[in-house]
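Taking it in order: structure first as structure tokens, then the write-up.
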Amino acid sequence: MSGVQIPAEFDLPQTLDCGQAFRWRPTPEDSETWCGAAYGRYLTLRRVGNQLELDCSQGDMDGVWRAYFDLSEDYARIRGELSDLSPVLKEAAEFAPGIRILRQEPWEALCSFIMSQNNNISRIKGLVNNFCRMFGGKIPGTDMRSFPGPETVAALSLEDLEPLRSGYRAPYILDAARKVVEGEIDLQRIVREPTGYGREELRKIKGVGPKVAECALLYGFHKTECFPMDVWMKRAMAQLLPGMAPEDFGPNAGLAQQYIFHYSRRHPELFL
DNA sequence: AACCAGGGTGATG
DNA sequence: CATCACCATGGT
């Protein structure tokens with residue numbers, strides 16, 4: 001068990017159930033305890049007072065989860081900077097100040113958001129979890145499976161993917177895996193290079209357009225200026241922040257987008 | 001039954 | 001560059 005002083009701006013449901021990652025859920029025994037998997041590891045975690053308790057070794061705490069939950073970043077400062085941009089954005093941020101941008105694995109984020117296109121979040125969760133259950137490797141000591149790597153996926157056929165029922169997205173998944181495995185797209189180089197490089201590269205994949213690329217870059221490559229525009233965000237921007245464009249939000253536009261996205265989904269009555 | 005969902009593609013103005 | 005039918009699937 002590893003415990004860390006929880007940052008002021010960190011809320012588990014706000015961060016783990018806001019549509020950026022699809023494998024986290026409350027445990028059946030205790031709705032305050034969350035479980036999920038990333039980087040080939042299973043984890044349960046919960047808040048106890050002002051401590052964050054993670055059921056993991058100190059090595060995994062320092063080597064994986066501290067980065068995954070972006071614990072070194074000062075979200076209070078960023079929230080303050082974003083709040084200065086617009087009163088509406090300030091209100092959205094105050095509604096869910098505990099949202100953080102997770103540092104997911106590049107391939108998992110890319111592949112997950114390929115599956116996300118023209119789907120609702122609950123079905124995306126089902127698809128991603130079935131994908132892992134069918135093709136992911138066993139994580140020792142649990143019944144959870146890791147997200148299948150690009151090599152595993154590239155070896156699959158459309159027939160293999162048929163029981164997943166991912167519809168017309170199946171060939172997109174295979175194309176992404178093949179381009180990664182063959183080195184046509186270098187995920188680690190996208191991490192290093194400026195955002196524009198990643199935008200160009202990811203869109204070489206069939207089924208990856210502006211929105212999916214933006215999500216992958218933000219959640220999987222931690223390109224924090226990315227600002228995914230889905231159907232919800234288009235409605236929200238027109239209604240709440242007319243006249244503002246993604247570039248207006250600066251280097252942390254991605255967090256602003258999460259504030260607005262979350263706020264909009266929790267206030268559907270604003271869009272009748 | 002028609003419409004929608006964290007869209008993209010390809011064809012056509 | 002803007003629009004638009006179409007795409008597979010499951011939920012309302």
Side-chain angles (χ1 to χ4, degrees), chain A residues 13-25 92 96 99-102 104 106 108-131 133-134 147 156-179 185 198-241 245-246 249 253-272:
Chain A
Q14 286 173 15
T15 297
L16 298 176
D17 195 27
C18 67
Q20 62 173 317
F22 303 104
R23 299 201 66 199
W24 296 97
R25 53 180 170 79
I99 294 180
R100 303 175 81 84
I101 305 292
L102 299 172
Q104 301 181 60
E108 175 171 343
L110 171 61
C111 195
S112 296
F113 279 96
I114 287 174
M115 296 187 217
S116 80
Q117 76 154 351
N118 203 16
N119 262 331
N120 56 60
I121 290 183
S122 68
R123 195 160 97 92
I124 299 165
K125 289 178 183 173
L127 273 179
V128 171
N129 280 295
N130 285 338
F131 189 63
R133 198 162 47 77
M134 286 189 278
F147 196 94
L156 299 174
S157 66
L158 284 176
E159 293 73 31
D160 295 326
L161 280 177
E162 202 281 331
L164 181 62
R165 312 287 296 165
S166 60
Y168 56 81
R169 305 161 193 84
Y172 300 163
I173 295 168
L174 297 186
D175 186 61
R178 186 183 58 76
K179 285 189 165 71
I185 292 179
R199 288 193 173 115
E200 283 185 19
E201 290 297 297
L202 292 181
R203 291 190 56 175
K204 293 177 179 173
I205 300 167
K206 291 172 193 162
V208 176
K211 193 273 176 180
V212 170
E214 213 70 357
C215 283
L217 288 167
L218 177 58
Y219 305 124
F221 298 83
H222 207 70
K223 302 297 185 185
T224 56
E225 76 274 35
C226 288
F227 192 94
M229 284 282 266
D230 66 343
V231 291
W232 287 87
M233 282 303 296
K234 286 173 185 169
R235 281 199 292 261
M237 291 301 289
Q239 178 94 14
L240 268 36
L241 295 158
F249 294 98
L255 184 60
Q257 190 270 1
Q258 278 297 91
Y259 289 146
I260 298 163
F261 180 75
H262 186 265
Y263 183 83
S264 302
R265 294 202 49 120
R266 299 300 165 101
H267 296 87
E269 71 279 3
L270 293 173
F271 308 99
L272 297 179

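Residue numbers begin at 1 in each chain, while the letters A, B, ... track the order of the sequences.
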Determine the contact category for [X]: base if any of its heavy atoms lies under 4.0 Å from a base atom, sugar-phosphate if only primed atoms, P, OP1 or OP2 are that close, otherwise nothing.
| X | value |
| --- | --- |
| A:R235 | sugar-phosphate |
| A:F22 | nothing |
| A:G19 | base |
| A:R169 | base |
| A:E214 | nothing |

Expressed in angstrom and rounded to an integer, what is the separation of [X] atom [atom1] from [N] atom [atom2]?
| X | N | atom1 | atom2 | answer |
| --- | --- | --- | --- | --- |
| A:M233 | B:dG7 | CE | C1' | 16 Å |
| A:M229 | B:dG8 | CE | C1' | 17 Å |
| A:I124 | B:dC4 | CD1 | P | 17 Å |
| A:F261 | B:dG7 | CZ | C1' | 13 Å |
| A:R203 | B:dG7 | CZ | C1' | 11 Å |
| A:K125 | C:dG10 | NZ | P | 18 Å |
| A:D175 | B:dG8 | CG | P | 14 Å |
| A:I173 | B:dG8 | CD1 | P | 15 Å |

Note to self: Would you say A:S157 and A:D160 are linked by a side-chain donor-acceptor pair, where the criterion is simply a distance under 3.5 Å?
What the structure shows: yes
Check: Taking for each residue the nucleotide of DNA chain B with the nearest heavy atom, is it A:Q258 or A:Y172 whose nucleotide lies nearer the 5' end?
Finding: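 Closer to the 5' end of DNA chain B: A:Q258.
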Pair up each side-chain donor or acceptor in residues 261-272 of chain A with any protein partner under 3.5 Å, not counting sequence neighbours, and list the distances.
from, atom 1, to, atom 2, distance (Å)
A:Y263, OH, A:E91, OE2, 2.8
A:S264, OG, A:I260, O, 2.8
A:H267, ND1, A:Y263, O, 2.8

Next item on the list: Could you please name the option among B:dG7, B:dA5, B:dG8 that lies closest to any side-chain atom of A:N120?
Entry: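 For the A:N120 side chain, the nearest candidate turns out to be B:dA5.
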Margin query: Does A:E200 have more than 12 heavy atoms from other residues, nucleotides or ligands lying within 6.0 Å of its CD?
Written below: no
Margin query: Quiz question: going by heavy-atom distance under 3.5 Å, is there a donor-acceptor pair between the base of B:dG7 and the side chain of A:Y168?
Written below: yes
Item checked: Donor-acceptor pair under 3.5 Å, A:R123 side chain vs C:dT9 base -> yes
Note to self: Counting C-beta onward and ignoring hydrogens, is there a side-chain heavy-atom pair between A:Q117 and A:Y172 closer than 4.5 Å?
What the structure shows: yes
Note to self: Are the side chains of A:M229 and A:M237 in contact, using a 4.5 Å heavy-atom criterion?
What the structure shows: yes
Checklist line | Base partner of C:dG11, which must satisfy Watson-Crick or wobble distances under 3.5 Å | finding: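 B:dC3 - that is the nucleotide pairing with C:dG11, both distances being under 3.5 Å.
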Check: Relative to the 5' end of DNA chain C, which residue comes earlier, A:S122 or A:Q117, by the nucleotide with the nearest heavy atom?
Finding: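 Counting from the 5' end, the first nearest nucleotide belongs to A:Q117.
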